[in-house]
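To keep things clear, I will list the structure first and then write my remarks on it.
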Amino acid sequence: MLILLGELMQIGFWGPKTSFSHEVALEVFPNDNLVPLNSIQDIFESLITREITEAIIPLENSMGGIVSATLDELIERDIFIIGEYFLHEKHCFLARQPLDKIKKIYSRSKTFTQCRNWIEHNAADKELIEVSTNSGAAEQASLGFASGAIASSLAGDKFGLDIIEKEINDNKANVTRFIIISKRSALPKDKKKTGLIFGIKDQPGSLFEILKSFKKFDVNLMRIDSRPSKRKEWECLFFAEIEGNSSQKNVSGTLAEIKEQASFFKILGSY
């Protein structure tokens with residue numbers, strides 16, 4: 001159990017309840033108070049105002065790539081990454097009746113797309129009704145006799161629906177990477193990677209010079225992505241992750257040298 005000043009921690013997640021973010025929060029923080037919030041922006045704001053202690057948010061999906069809102073908030077806010085969790089997303093067909101009795105299926109537009117093959121082969125004659133959340137889809141299905149939903153097993157449990165068929169998403173390797181964030185950075189000991197964001201000066205070879213630092217200090221650059229800075233027209237910032245934590249000499253040397261060369265620099269933490 002995670003304790004803060006003798007009390008349960010307040011853990012924020014991107015709601016509603018029964019979402020995949022909720023599923024991760026239950027797994028990582030099973031004994032703490034979980035607080036559903038309406039948006040990623042609300043999560044960061046609640047951390048800043050200390051309404052919550054830590055939070056779990058999606059960073060990237062193996063199919064859809066980086067979550068732009070998460071990265072944008074990490075750039076702007078004084079918030080740190082302290083951990084990560086990988087979730088294999090599994091969509092289920094939920095109902096109280098067999099599939100041949102179902103006339104309507106509720107789900108998010110994105111979820112219908114992710115389950116297109118199953119729908120074409122098993123539910124082509126059903127009316128597909130789009131809703132804003134998969135939790136809402138399960139709730140709607142629970143209200144109708146001939147209704148079903150495509151949602152998580154957690155949503156089925158909440159609204160009393162049976163799992164008629166498991167893991168119906170087309171791609172079985174649909175994995176979302178979640179990060180745990182906090183106003184306080186984690187102690188780097190035993191952490192395996194470090195995240196940072198940096199900008200480059202508007203001059204020839206500036207990115208090349210920064211990339212040379214990783215080679216110089218023998219640090220493995222695990223990933224690098226660019227994002228519009230939203231500060232200046234056509235200016236980019238780079239999100240990078242490197243192997244090792246900030247207490248290691250070669251990592252700290254790399255970070256110090258990049259900071260000297262960069263137009264913008266922020267360490268997101270070791271995790």
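Both backbone and side-chain heavy atoms feed into the values below; hydrogens, waters and symmetry mates do not. Position 1 is the first residue of the sequence, and the numbers go up from there.
The nearest pair of heavy atoms linking M9 to T53 is CE-CG2, 3.5 Å. Residue I82 comes nearest to Y271 through the heavy atom pair C-CB, 3.6 Å, listed as atom of the first residue, atom of the second, then distance. Here the closest heavy-atom approach between residue S246 and residue V251 is recorded as CA-CG1, 3.9 Å. The minimum heavy-atom distance between A123 and I105, with the atom names listed, is CB-CD1, 3.7 Å. Pairing each heavy atom of L161 with each of S142, the nearest pair is CD2-CA, 3.9 Å. Between T18 and L154, the shortest heavy-atom contact is CA-CD2, 3.6 Å.
At a threshold of 4.5 Å between non-hydrogen side-chain atoms, the residues Q114 and R116 do not count as touching. For the pair P36 and P16, the minimum side-chain heavy-atom distance is 4.5 Å or more. Side-chain atoms of N174 and S62, non-hydrogen and from C-beta on, do get closer than 4.5 Å to each other. Within the 4.5 Å cutoff, the side chain of N33 has no heavy atoms near those of the I52 side chain. You'll find the side chain of I179 reaches within 4.5 Å of the side chain of T70, heavy atoms only. Inter-residue side-chain proximity for I56 and V24 is flagged as met; some heavy-atom pair is nearer than 4.5 Å. Counting heavy atoms from C-beta outward, P98 and I164 have side chains that stay 4.5 Å or more apart. For the pair I81 and L74, the minimum side-chain heavy-atom distance is below 4.5 Å.
The ring-ring contact (aromatic ring centres under 6.0 Å, His included) test with F238 is passed by exactly one of F198, F264, F265: F198.
Remark: the E167 side chain and the H91 side chain contain no N/O donor-acceptor pair separated by less than 3.5 Å. Side-chain atoms of N61 and T176 form a donor-acceptor pair, as typed in the model, at a separation below 3.5 Å. For the residue pair S270 / T194, a side-chain donor-acceptor distance below 3.5 Å is found, with atom types taken as modelled. Using a 3.5 Å distance cut-off with no hydrogens or angles, the side chains of Y106 and E127 do not pair a donor with an acceptor. Side-chain contact of S107 with N134: a donor-acceptor pair under 3.5 Å is present, judged by distance alone.
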Tell me, with the steps shown, if E54 and R184 meet salt bridge (Lys or Arg N to Asp or Glu O under 4.0 Å). CA-CA 9 Å; E54 295 177 3; R184 298 185 296 178; 5.8 Å; no
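In this structure, E257 pairs ionically with K216, as a charged nitrogen and a carboxylate oxygen lie closer than 4.0 Å. Using a cutoff of 4.0 Å between basic side-chain nitrogens and carboxylate oxygens, K17 and E139 are not scored as salt-bridged. Between D225 and R223, at least one side-chain nitrogen of the basic residue sits less than 4.0 Å from a carboxylate oxygen of the acidic one, meeting the salt-bridge criterion. A salt bridge is absent between E243 and K193: the closest approach of a Lys/Arg side-chain nitrogen to an acidic carboxylate oxygen does not fall below 4.0 angstrom. A salt bridge is defined here as a Lys NZ or Arg NE, NH1 or NH2 lying under 4.0 Å from an Asp or Glu carboxylate O, and D72 with R227 meets this definition. Using a 4.0 Å cut-off between charged side-chain N and carboxylate O, E84 and R177 make a salt bridge.
Annotation: the span from F112 atom CZ to I150 atom CD1 amounts to 5.5 Å, rounded to 0.5 Å.
More than 12 heavy-atom neighbours from other residues, nucleotides or ligands sit within 6.0 angstrom of CG on D162. Within a 6.0 Å sphere centred on CG of D125, heavy atoms belonging to other residues, nucleotides or ligands number more than 12. Surrounding NZ of K215 are at most 12 heavy atoms belonging to other residues, nucleotides or ligands under 6.0 Å away. Within a 6.0 Å sphere centred on CE of M63, other residues, nucleotides and ligands contribute 12 heavy atoms or fewer.
Side-chain atoms of K166 never come within 3.5 Å of backbone atoms of I163 as a donor-acceptor pair (strictly under, hydrogens ignored).
For F178 and Y85, the gap between ring centers reaches or exceeds 6.0 Å. Proximity of the aromatic rings of F93 and W118 is defined here by a centroid distance below 6.0 angstrom, and this criterion is met.
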